[in-house]
Amino acid sequence: MADCLFCKIAAGDIPSNKLFEDDQLLAFYDIDPQAPVHFLVIPKRHIDSAAVLTEDDAALLGHIYAVIAQLAARLGIAENGYRVVTNVGADGGQSVKHLHFHVLAGRSLAWPPG
Ligand code: 5GP
Ligand code: ZN
């Protein structure tokens, strides 16, 4: 999608610090980390947010969570735990309108979020 930051990152037009990539998704470190470990997982295909997901996206979402589990094991954060969150819309705090999952770890995370 034109003028979408994460489409440009997925296409390699804007550089990112990549953790994992395949034909469907990309995982890369957040530019403004909110925890000692903070990376994002995005589908390469443009999807506005979780608000427009359908049953047809089930396989993609399963793949995203499987890759997150593999990365968590690889980065050594699985044992102590981590948080996966996707912000939706203005009240959800979504600033980039391309579906992405934050993975945060490396400190005890507060609940409820602010
Ligand atoms: P949101 O606020 O939409 O849930 O999350 C967007 C995230 O993207 C933020 O955590 C922000 O720091 C991150 N971000 C914004 N621009 C860039 C960028 O150019 N590169 C990377 N790696 N992360 C970015
Ligand atoms: Zn996009």
Side-chain angles (χ1 to χ4, degrees):
M1 190 191 209
D3 287 335
C4 171
L5 174 65
F6 284 177
C7 280
K8 288 177 183 165
I9 287 178
D13 296 338
I14 291 177
S16 64
N17 190 357
K18 291 178 194 175
L19 273 162
F20 178 83
E21 180 174 16
D22 66 16
D23 58 325
Q24 293 183 72
L25 61 77
L26 178 67
F28 57 100
Y29 284 105
D30 197 291
I31 204 168
D32 181 23
Q34 301 301 310
V37 177
H38 184 181
F39 64 90
L40 304 172
V41 183
I42 64 169
K44 288 191 168 176
R45 173 167 62 90
H46 183 89
I47 298 171
D48 284 346
S49 77
V52 296
L53 290 169
T54 72
E55 297 288 347
D56 291 341
D57 300 309
L60 172 65
L61 292 171
H63 183 52
I64 285 172
Y65 271 86
V67 167
I68 288 171
Q70 289 164 16
L71 290 174
R74 190 174 110 193
L75 295 173
I77 59 173
E79 190 177 340
N80 280 356
Y82 55 95
R83 182 169 297 163
V84 183
V85 64
T86 186
N87 298 324
V88 180
D91 280 0
Q94 184 181 7
S95 61
V96 179
K97 296 188 175 40
H98 178 128
L99 177 66
H100 53 281
F101 295 83
H102 296 260
V103 181
L104 300 136
R107 65 174 172 84
S108 183
L109 298 161
W111 190 264

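In each ligand, atom 1 is the first atom listed, and ligand 1 is the first ligand listed. Computation of the quantities below employed the complete heavy-atom set of this structure, encompassing side-chain atoms and omitting hydrogens, waters and symmetry-equivalent molecules.
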Check whether more than 12 heavy atoms from other residues, nucleotides or ligands sit under 6.0 Å from atom CZ of Arg45, and answer yes or no.
no

So, regarding Gln94 and ligand 1 (criterion: nitrogen or oxygen to nitrogen or oxygen, under 3.5 Å), is there a contact or not?
no

Are any of the N/O atoms on Ile14, whether in the backbone or the side chain, positioned under 3.5 angstrom from an N/O atom of ligand 1?
no

Would you indicate whether the side-chain heavy atoms of Val103 and Leu71 approach each other to under 4.5 Å?
no

Could you pull out, from Ile9, Asp30, Val96, the option with a heavy atom nearest to atom 7 (C) of ligand 1?
Asp30

What closest approach, in Å, do Tyr82 and Ile77 show between heavy atoms, and which atom pair accounts for it?
CD2-O, 3.8 Å

Residue pair Pro43 / His98: nearest heavy atoms and the distance that separates them:
O-NE2, 2.8 Å

Distance under 4.0 Å to a non-hydrogen atom of Asp32: what atoms of ligand 1 satisfy this?
12 (O)

Under 4.0 Å from any heavy atom of Phe6, which atoms of ligand 1 are there?
8 (O)

With atoms numbered from 1 as shown, which atoms in ligand 1 lie under 4.0 angstrom from a non-hydrogen atom of Gly93?
1 (P), 2 (O), 4 (O)

Is the closest N or O pair between Ser95 and ligand 1 shorter than 3.5 Å?
yes

Ligand 1 contact on Asn87 by region, counting heavy-atom pairs under 4.0 Å
side chain

Within-shell test, His100 vs ligand 1, heavy atom, strictly < 4.0 Å
yes

Does Thr86 approach ligand 1 within less than 4.0 angstrom via side chain, backbone, both or neither, non-hydrogen atoms only?
neither

side-chain contact (heavy atoms from CB on, under 4.5 Å) partner of Val41, chosen from Leu19, Val84, Ile68:
Ile68

For Phe28, the atoms of ligand 1 under 4.0 Å from one of its heavy atoms are 21 (C), 22 (N)

List the closest protein heavy-atom neighbour of atom 22 (N) of ligand 1: residue, atom name, distance to the nearest 0.1 Å.
Tyr29 O, 2.9 Å

Could you tell me if the side chain of Lys8 sits less than 4.5 Å from the side chain of Asp3, heavy atoms only?
yes

Once rounded to 10°, what is the value of the angle centred on the Zn ion (ligand 2) between His98 ND1 and His46 ND1?
110°

For His102, the ligand 1 atoms whose distance to one of its heavy atoms is below 4.0 Å
1 (P), 4 (O), 5 (O), 7 (C), 10 (O)

Which heavy atom of Ser49 sits nearest a heavy atom of Leu99, and at what distance?
C-CD1, 3.8 Å

Donor-acceptor under 3.5 Å (Thr86 side chain, His100 main chain):
yes

Three-point angle Cys4:SG, the Zn ion (ligand 2), Cys7:SG, rounded to the nearest 10°:
120°

If you scan protein heavy atoms around atom 16 (N) of ligand 1, the nearest is Leu5 CD2, 3.3 Å

Counting non-hydrogen protein atoms only, what is the nearest one to atom 24 (C) of ligand 1? Give residue, atom name and distance.
Ile31 CG2, 3.4 Å

What's the shortest heavy-atom distance between Ala10 and Glu21, and which atoms?
O-OE2, 4.3 Å

Using 30° and 60° as the class limits, which term best fits the ring planes of His102 and His38: parallel, tilted or perpendicular?
tilted

Would you confirm whether Lys97, through its side chain, and Cys4, through its main-chain N or O, come within 3.5 Å as a donor-acceptor pair?
no

Backbone or side-chain N or O of Leu40 under 3.5 Å from ligand 1 N or O
no

